[in-house]
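First comes the structure, then the notes that go with it.
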Amino acid sequence: MAYLQTLSKSFPGWVLFCCCCCLPLLLTSSLPLKGVSTAHHACKLRKINFQQAYIRNRTYTLAKMASASDKDTDNRLIGQHLYVNIKENNRCYLMKRIVEIVVKDVLLTEVKNKYPYVEEVAQFLASLTSELSRCKFSGNKEHIEKNLEQMKNKMEQLGENGKTKAIGELDLLFDYTENACTDAPKKGGNKKKN
């Protein structure tokens, strides 16, 4: 108490008190600062999600198995074409939406009985979209919706092979989502035969 009385009599003491006690509280506050967007942070995943060797191996093995059954080398569902007219800050949102489509329309259908590891990979991908639940687009959504619609249409046109192709490209989906949604340095991946 005597210390506070001494502090109250000296201006430098108050400055020291505020710097030591009040400033750290303000800096660690969980409230967003006015004018600062939190959407960008909602569109980020931890790199550790993608460093689990077990799930990476399961995803890549599943993709390789399905890819062997895919005779269509002319079409690609997952690739750089998805990013046409999409700003970099919206790529994670786009990948979140693609993952949701692949899980719902492909992995959780009858194909889960056709390939091993489908349920594990679907569960992992669903956990990523859950983590990205607050990830929103910024700006115009028109190009995102157009690119998603083109991908869905292509998958439908390919019929049953569209699902096979989507599973065969799970490795690409994994890599593109990692690159779009983490801050980690990008790997030299995203390469696959045509």
Side-chain angles (χ1 to χ4, degrees), residues 39 42-43 45 49-50 55-182 189-194:
C43 290
L45 292 168
N49 289 327
F50 298 94
I55 198 64
R56 182 180 290 271
N57 289 340
R58 291 282 198 238
T59 305
Y60 280 58
T61 300
L62 178 56
K64 190 173 184 179
M65 292 172 78
S67 185
S69 303
D70 181 14
K71 305 301 180 218
D72 177 4
T73 57
D74 295 332
N75 291 292
R76 172 75 50 86
L77 299 175
I78 309 296
Q80 286 294 321
H81 63 278
L82 292 169
Y83 290 157
V84 171
N85 296 318
I86 306 295
K87 293 180 182 172
E88 192 167 339
N89 64 331
N90 282 326
R91 289 180 177 181
C92 184
Y93 174 79
L94 174 69
M95 293 314 299
K96 174 188 93 158
R97 294 280 310 278
I98 291 170
V99 169
E100 290 170 342
I101 292 166
V102 169
V103 169
K104 179 179 161 267
D105 297 345
V106 177
L107 298 178
L108 296 181
T109 65
E110 69 283 348
V111 300
K112 67 182 174 187
N113 301 321
K114 196 173 176 183
Y115 299 100
Y117 316 132
V118 170
E119 289 185 26
E120 290 170 271
V121 172
Q123 188 175 22
F124 167 74
L125 293 173
S127 74
L128 295 182
T129 60
S130 177
E131 260 189 76
L132 292 170
S133 63
R134 292 189 351 231
C135 178
K136 307 289 183 224
F137 67 93
S138 64
N140 190 345
K141 195 174 181 180
E142 179 184 334
H143 293 298
I144 293 171
E145 292 303 324
K146 179 182 175 200
N147 293 2
L148 287 170
E149 198 59 38
Q150 287 175 345
M151 187 202 87
K152 287 195 290 189
N153 288 343
K154 188 182 288 186
M155 196 163 63
E156 286 174 19
Q157 288 170 359
L158 293 171
E160 199 55 38
N161 196 53
K163 289 181 181 180
T164 302
K165 180 168 285 303
I167 295 170
E169 294 182 5
L170 283 172
D171 54 343
L172 292 174
L173 182 64
F174 189 95
D175 290 344
Y176 272 83
T177 304
E178 178 182 13
N179 288 338
C181 299
T182 65
N190 296 344
K191 294 176 185 163
K192 190 168 182 170
K193 66 181 185 347
N194 283 334

Exercise. Using the test side-chain contact (heavy atoms from CB on, under 4.5 Å), find all partners of N75 that sit at least two apart in sequence or belong to another chain.
Key: D72, K154, L158, K165
Quiz prompt | Y60 side chain near D175 side chain, heavy-atom distance below 4.5 Å | solution = yes
Quiz item: When you measure from the side chain of N90 to the backbone N and O of S138, does any donor-acceptor pair fall under 3.5 Å?
Solution: yes
Quiz item: Just checking, R56 and F174: is the charged tip under 6.0 Å from the six-membered ring centre and within 45° of the axis?
Solution: no
Quiz prompt | Gap separating the CD atom of Q150 from the CE atom of M155, nearest 0.5 angstrom | solution = 14.0 Å
Exercise. Please tell me if the side chains of T177 and F50 come closer than 4.5 Å, counting only heavy atoms from C-beta onward.
Key: yes
Quiz item: Are E145 and R97 close enough that some pair of their side-chain heavy atoms sits under 4.5 Å apart?
Solution: yes
Exercise. Give the minimum heavy-atom separation between G162 and L77, together with the two atoms involved.
Key: O-CD1, 3.7 Å
Quiz item: By ring-ring contact (aromatic ring centres under 6.0 Å, His included), which residues pair with Y117, not counting sequence neighbours?
Solution: none
Practice problem: Check the pair N147 / H81 against side chain to side chain contact (heavy atoms under 4.5 Å, CB included), numbers first and verdict last. | Solution: CA-CA 8 Å; N147 293 2; H81 63 278; over 6 Å; no
Quiz prompt | More than 12 heavy atoms from other groups under 6.0 Å of NZ on K64 | solution = no
Quiz item: If you count the non-hydrogen atoms of other residues, nucleotides and ligands that lie under 6.0 Å from CD in E119, is the total more than 12?
Solution: no
Quiz item: Out of curiosity, K96 NZ to R134 CZ, how far, rounded to the nearest 0.5 Å?
Solution: 11.0 Å
Quiz prompt | Distance (rounded to the nearest 0.5 Å) between L94 CG and L82 CG | solution = 6.0 Å
Quiz item: Between F137 and K87, is any pair of side-chain heavy atoms under 4.5 Å apart?
Solution: no
Quiz prompt | Minimum heavy-atom distance between A122 and V103, given as atom pair plus value | solution = O-CG2, 4.1 Å
Quiz prompt | side chain to side chain contact (heavy atoms under 4.5 Å, CB included) evaluation trace for M95 with L173 | solution = CA-CA 8 Å; M95 293 314 299; L173 182 64; 3.7 Å; yes
Practice problem: For C135 and A42, work out which heavy atoms get closest and say how close. | Solution: CB-O, 3.5 Å
Exercise. Would you indicate whether Q123, at its atom CD, is surrounded by more than 12 heavy atoms from other residues, nucleotides or ligands within a distance under 6.0 Å?
Key: no
Quiz item: Would you say the side chain of L170 lies within less than 4.5 Å of the side chain of L107, judging by non-hydrogen atoms?
Solution: yes
Practice problem: Calculate, to the nearest 0.5 Å, the distance between atoms NZ and NZ belonging to K136 and K141 respectively. | Solution: 8.5 Å
Quiz prompt | Check: I55 main-chain N/O paired with T59 side-chain donor or acceptor under 3.5 Å | solution = yes
Exercise. To the nearest 0.5 angstrom, please state how far the CD atom of E142 sits from the NZ atom of K146.
Key: 8.0 Å
Quiz item: Side chain of Y176, backbone of Q80: donor and acceptor closer than 3.5 Å?
Solution: yes
Exercise. Mind checking ring-ring contact (aromatic ring centres under 6.0 Å, His included) for Y115 and listing every partner two or more places apart, or none if nothing turns up?
Key: none
Practice problem: Mind checking the CZ-OG1 spacing from F124 to T129? Nearest 0.5 Å is all I need. | Solution: 10.5 Å
Quiz item: Can you check whether R58's main-chain N or O pairs, donor with acceptor, with T61's side chain at less than 3.5 Å?
Solution: no
Practice problem: Check whether any side-chain heavy atom of R76 lies under 4.5 Å from a side-chain heavy atom of L172, and answer yes or no. | Solution: yes
Quiz prompt | Heavy-atom closest contact (I78 atom, M151 atom, distance) | solution = CD1-SD, 4.3 Å
Self-check item: Minimum heavy-atom distance I167-A66, with the two atoms named
Solution: CG2-CB, 3.3 Å
Exercise. Find out if the SG atoms belonging to C181 and C92 lie under 2.5 Å from one another.
Key: yes
Quiz prompt | Heavy-atom side-chain contact between E160 and V111 under 4.5 Å | solution = yes
